[in-house]
Amino acid sequence: MRASFSYRSAVLILLLGVFTYLYGLDSRFAPKNGDEYPYMHIVRMTADAGQWLPLQSEMDGIKNTKPPLIFWQGIASTYWASDWTLANLRWPSVLYTGLTAFFLFLAVRRFSGKTQTGLLAALVWLSFFATYRYGRPFLADPPEVFWISLPFFAILYWGKSAFESKFFFPLMAGICFGFALFAKSFAYIVPASFALALYYWRWRQWSIPQVLIRDLYKLILIAVLALGVFALWFAMDPYPEAVWREFVLGENAGKFAARQSSYLMDLLRGGDSIWLLLLTTIANGGLFSFVLISTLMQCWRTRRFLTLEEVLLLLLIAAFLIVFSLPSQRSGRYLLPVMPAFAALIALYWDKLPLWGFRIALLLQLLVVSLLIWIGGNLQFSHFMGDSSQWTYSNCHWILMSVSLLVVLVGLFRRSQTKVLALAACFLVYCALTSSLAPLEGRLGRYSIETIAQTQGKDVWVPCDYRAKDEEYRLLLPGSKLHGYLAKDAADINGLTASYPLVAVHSPLGVAPTLCESCQIVGQRMEMRARHSNEEIAEMLAGQIGKHLFVNEYLIATPAAMPDLSNLKDVCR
């Protein structure tokens, strides 16, 4: 390895990476997927029922949406929902992500013979935006990626011993895959088994008869064990027919139905095409996407001289890509288990990679950091919120932004440091993003203790733009009985105050809501809007940040009669 990635650089970036994954772990605005809200709902409802199974939910059609392992994890980490915080829900995800990085490090260090290469593979994987986005929140992806990856890491680590193992490795792989299925879906046994079959095929010098004679029983044993672990759900759940109907038929088999015109046309064009699958898989690399592209180009140029381990990594990627191109619903998220393989390839080719991919990464980082500084400056030095609720940053925030900008600029102009600083800047950008929204995690974005006390046990209507979005409001108004209405109506203050006795409404920053004589403001906070029109985005880019990106949320008590909840649809459900 070059001196640009020394042991000191590796340790410093590793410490930065650990800090990045822990910083803002309990943030409501952490990059995530909207599935976290329904998962939280199922955990809370199941915990309230006092039994591990069946899974409970008040959402229409969403109960057995995933196998129970992820929900049991949430029940355990929150002590049966008695300590209900985002940090408690999410720390097991970070642990899984850390373990995946650790075993990736061990495997790459073993077959490459270089500790620095192993460290680099782990750090590159952690730097991928998809890892950061899906590897921290309360989602099924962290356990799925870990348990699927572990047998392939074992092959890379043990080599011949794993391939020639007649019982131990197949047993270990079957149990690991079983846990992956129990966390995400039984469908993952198809790409996992296919990848292992390709591994054995390569090990037998591409001889199919040899694989059939010496390894077919191993693949069968692995698949049977894995499906046996998954089948425990049917054995333990008192309503297995509901699991079959909702999860097997609805959640999985439905993904093969044509989504637009026909299966073939969906394959070739549209939002679920094979081309978009390839693009979103590369985009999982985030700021390092072009580094990933340059790595694949390098692999192609040296395809005749690939080592056994490099071939195995590519076969793993190819197996998942082929299998997940078959369902009509295609997403780069399904390829998350192969991202460690991409990271390992980047680490192996690190010294041979051209600088252009890293420079593009630095330019993207420069764009993000500059945009965050510009937005932060507009927020801090504008007075559209009034002196009593001014958006303020600490000195540490501006130090972080300055350091991030400096690291990116040095990386752009110092060739010898371009690669290592591009890697470090990925983590700095994530920290900068979290820090930029930190004011909303404090008093500015939360209701006061007095407001929370006044809403205890009361029915409160809140805006919903996603299923189970009220689970986020339970963190803001614990102890309230929450009901949802369409988020697009949140600015219709007159209509909302005439319909609900206690309702959260939105008003533009700096504009006090016009209320009826009997209406009373119970609480106030600031919120960030999640969805915008093209016109609003254009105005924000022109400098009108506060007008569209943020709103004031008022909790208003009104003289309206209590609606008949039995005939009123809860939008959050």
Q: Just one of Leu409, Val429, Leu371 clears the side chain to side chain contact (heavy atoms under 4.5 Å, CB included) bar with Leu366, so which one?
A: Leu409
Q: Can the positive tip of Arg303 be found less than 6.0 Å from the middle of the six-membered ring of Trp300, inside 45° of the ring normal?
A: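 Yes, a cation-pi geometry.
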Q: His41 and Ile62: side chain to side chain contact (heavy atoms under 4.5 Å, CB included), yes or no, with the steps?
A: CA-CA 10 Å; His41 174 77; Ile62 299 182; over 6 Å; no
Q: Does Phe179, at its CZ atom, have more than 12 non-hydrogen atoms belonging to other residues, nucleotides or ligands within less than 6.0 Å?
A: no
Q: So, do Leu276 and Ser273 sit near enough that their side-chain heavy atoms are less than 4.5 Å apart?
A: yes
Q: Quick one: does any side-chain atom of Ser6 pair with a main-chain N or O of Ser9 as donor and acceptor, under 3.5 Å?
A: yes
Q: Heavy atoms only: give me the nearest Phe105-Gly118 pair and the separation to one decimal.
A: CD1-C, 3.4 Å
Q: I'd like to know whether CH2 of Trp356 has more than 12 heavy-atom contacts from other residues, nucleotides or ligands below 6.0 angstrom.
A: yes
Q: Starting at OG of Ser435, measure out to CG of Leu433 and round the result to the nearest 0.5 Å.
A: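 Here the rounded value is 9.5 Å.
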Q: Measure the CG-CG distance between Leu104 and Leu119 for me, rounded to the nearest 0.5 Å.
A: 10.5 Å
Q: Would Arg90 pass as a cation-pi partner of Phe138, given that its NZ or CZ must be under 6.0 Å from the six-membered ring centre and within 45 degrees of the axis?
A: no
Q: Students often mix this up, so state it plainly: with edges at 30° and 60°, are the rings of Trp147 and Tyr96 parallel, tilted or perpendicular?
A: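 The arrangement is perpendicular - the two ring planes meet at more than 60°.
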Q: State, yes or no, whether a side-chain contact exists between Leu123 and Leu14 at a heavy-atom distance under 4.5 Å.
A: yes
Q: Any donor-acceptor pair under 3.5 Å linking the side-chain atoms of Tyr349 with those of Thr302?
A: yes
Q: Using a distance-only test with no angle check, is there a side-chain donor-acceptor pair under 3.5 angstrom linking Tyr334 and Gln329?
A: yes
Q: So which of Arg333, Lys32, Arg133 actually passes salt bridge (charged side-chain N to carboxylate O under 4.0 Å, His left out) with Asp141?
A: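 Per the salt bridge (charged side-chain N to carboxylate O under 4.0 Å, His left out) rule, the option paired with Asp141 is Arg333, out of Arg333, Lys32, Arg133.
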Q: Does any part of the side chain of Val43, heavy atoms only, come nearer than 4.5 Å to the side chain of Met40, both counted from C-beta?
A: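 Met40 does not reach Val43 side chain to side chain.
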Q: Any side-chain heavy atom of Ser112 sitting closer than 4.5 Å to one from Leu348?
A: yes
Q: Kindly indicate whether the side chain of Cys431, heavy atoms from C-beta on, has any atom under 4.5 Å from the side chain of Leu400.
A: yes
Q: So how far is it from Cys464 SG to Tyr37 OH, rounded to the nearest 0.5 Å?
A: 10.0 Å
Q: Going by atom types alone, do Thr97 and Thr100 pair a side-chain donor with an acceptor below 3.5 Å?
A: no
Q: More than 12 heavy atoms of other residues, nucleotides or ligands under 6.0 Å from CZ of Phe129: yes or no?
A: yes
Q: Quick check: does any side chain N or O of Ser127 sit under 3.5 Å from a backbone N or O of Leu423, one acting as donor and the other as acceptor?
A: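 Side chain of Ser127 to backbone of Leu423, a donor-acceptor pair under 3.5 Å: no, none is there.
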Q: Roughly how far, to the nearest 0.5 Å, is the CD1 atom of Ile75 from the CZ atom of Arg44?
A: 12.0 Å
Q: Taking the side chain as every heavy atom from C-beta outward, state whether Val18 and Leu22 have any pair of such atoms under 4.5 Å apart.
A: yes
Q: How are the rings of Tyr39 and Phe71 set relative to one another: parallel (under 30°), tilted (30 to 60°) or perpendicular (over 60°)?
A: perpendicular
Q: What do the steps show when you test Phe111 against Tyr157 for side chain to side chain contact (heavy atoms under 4.5 Å, CB included), and what is the final call?
A: CA-CA 6 Å; Phe111 74 76; Tyr157 187 90; over 6 Å; no
Q: Would you please indicate if the ring centroids of Phe342 and Phe128 are separated by under 6.0 Å?
A: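 Aromatic pair excluded; centres sit 6.0 Å or further apart.
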Q: Would you find a donor on one side and an acceptor on the other, under 3.5 Å apart, between the side chain of Ser149 and the backbone of Phe146?
A: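 Checked: no pair found.
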Q: Is there a donor-acceptor pair closer than 3.5 Å between any side-chain N or O of Glu471 and the backbone N or O of Ala468?
A: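 Judged by distance alone, no pair lies under 3.5 Å.
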Q: So which heavy atom on Val108 is nearest to which on Ala344, and how close?
A: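 Scanning both residues, the minimum pair turns out to be CG2-CB, 3.9 Å.
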Q: Examine distances only and state if a side-chain atom of Glu309 and a backbone atom of Leu156 form a donor-acceptor pair shorter than 3.5 Å.
A: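 Pair absent, no side-chain N/O of Glu309 close to backbone of Leu156.
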Q: Once you round to the nearest 0.5 Å, how far does CG of Leu405 lie from CD1 of Ile373?
A: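 Output value for this atom pair is 5.0 Å.
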Q: If you look at every heavy atom in Ala154 and Phe169, which pair is closest and at what distance?
A: CB-CE1, 4.1 Å
Q: Less than 6.0 Å separating the ring centroids of Tyr21 and Tyr430?
A: no
Q: Check the pair Leu335, Leu277 against side chain to side chain contact (heavy atoms under 4.5 Å, CB included), reporting the backbone distance first and the verdict last.
A: CA-CA 9 Å; Leu335 276 293; Leu277 175 63; 3.9 Å; yes
Q: Do Leu296 and Ile282 make a side-chain contact, defined as non-hydrogen atoms from C-beta onward lying under 4.5 Å apart?
A: yes
Q: Checking side chain to side chain contact (heavy atoms under 4.5 Å, CB included) against Gln365, which of Leu412, Leu428, Val408 comes through?
A: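 Per the side chain to side chain contact (heavy atoms under 4.5 Å, CB included) rule, the option paired with Gln365 is Val408, out of Leu412, Leu428, Val408.
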Q: Okay, side chain of Ser289, backbone of Gly286: is any donor-acceptor separation there less than 3.5 Å?
A: yes
Q: So do Leu345 and Ile317 actually touch side chain to side chain, heavy atoms under 4.5 Å?
A: yes
Q: Is a donor on one side and an acceptor on the other found under 3.5 Å between the side chain of Thr131 and the backbone of Leu126?
A: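 Between the backbone of Leu126 and the side chain of Thr131 there is no qualifying donor-acceptor contact (under 3.5 Å).
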Q: Scan Leu25, Thr78, Leu475 and name whichever one has a side chain to side chain contact (heavy atoms under 4.5 Å, CB included) with Leu86.
A: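 So, applying the side chain to side chain contact (heavy atoms under 4.5 Å, CB included) to Leu86 and each of Leu25, Thr78, Leu475, only Leu475 qualifies.
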Q: Ring-plane angle category for Phe230 and Phe186, please: parallel below 30°, perpendicular beyond 60°, tilted otherwise.
A: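 Phe230 and Phe186: tilted rings.
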Q: In this structure, is the centre-to-centre distance between the rings of Phe153 and Phe103 below 6.0 Å?
A: no
Q: Would you call Arg136 and Glu36 a salt bridge, taking side-chain N to carboxylate O under 4.0 Å as the test?
A: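 Looking at Glu36 together with Arg136, the answer is no, because their closest N to O distance does not fall below 4.0 Å.
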Q: Measuring centre to centre across the rings, with the benzene-like ring taken for any Trp, is Tyr200 within less than 6.0 Å of Phe163?
A: yes
Q: Is the ring centre of Phe182 less than 6.0 Å from the ring centre of Trp72?
A: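 Yes; Trp72 has its ring centre under 6.0 Å from that of Phe182.
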Q: State, to 0.1 Å, how close Arg359 and Thr418 come at their nearest heavy-atom pair, and which atoms those are.
A: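 That would be CG-CG2, 4.2 Å.
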Q: Could you measure the distance from the CD1 atom of Ile155 to the CG atom of Leu308? Nearest 0.5 Å is fine.
A: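 That separation rounds to 10.0 Å.
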Q: For Trp350 and Ile346, what are the C-alpha separation, side-chain angles and deciding distance, and is it a side chain to side chain contact (heavy atoms under 4.5 Å, CB included)?
A: CA-CA 6 Å; Trp350 184 265; Ile346 292 175; 4.0 Å; yes
Q: Is the side chain of Thr280 donor-acceptor paired with the backbone N or O of Ser331 at a distance under 3.5 Å, no angle test?
A: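 A pair under 3.5 Å: no.
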Q: Between Tyr23 and Phe19, what is the ring plane arrangement, given parallel below 30°, perpendicular above 60°, and tilted in between?
A: parallel
Q: I'd like to know if the side chain of Ser294 reaches the main chain of Val291, judged simply by a donor and an acceptor atom lying under 3.5 Å from each other, with no hydrogens or angles considered.
A: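 Indeed, once roles are kept as given, a pair shorter than 3.5 Å links the two residues.
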Q: Between Leu353 and Lys419, what is the shortest heavy-atom contact and its length?
A: O-NZ, 2.9 Å
Q: Out of Phe152, Trp206, Phe194, which one pairs with Tyr199 under the ring pair (Phe, Tyr, Trp, His ring centres under 6.0 Å) rule?
A: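 Of all the options given, the one that passes is Phe152.
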Q: Looking at every non-hydrogen atom in both residues, tell me the closest pair between Leu336 and Ala130 and how far apart they are.
A: CD2-CB, 3.7 Å
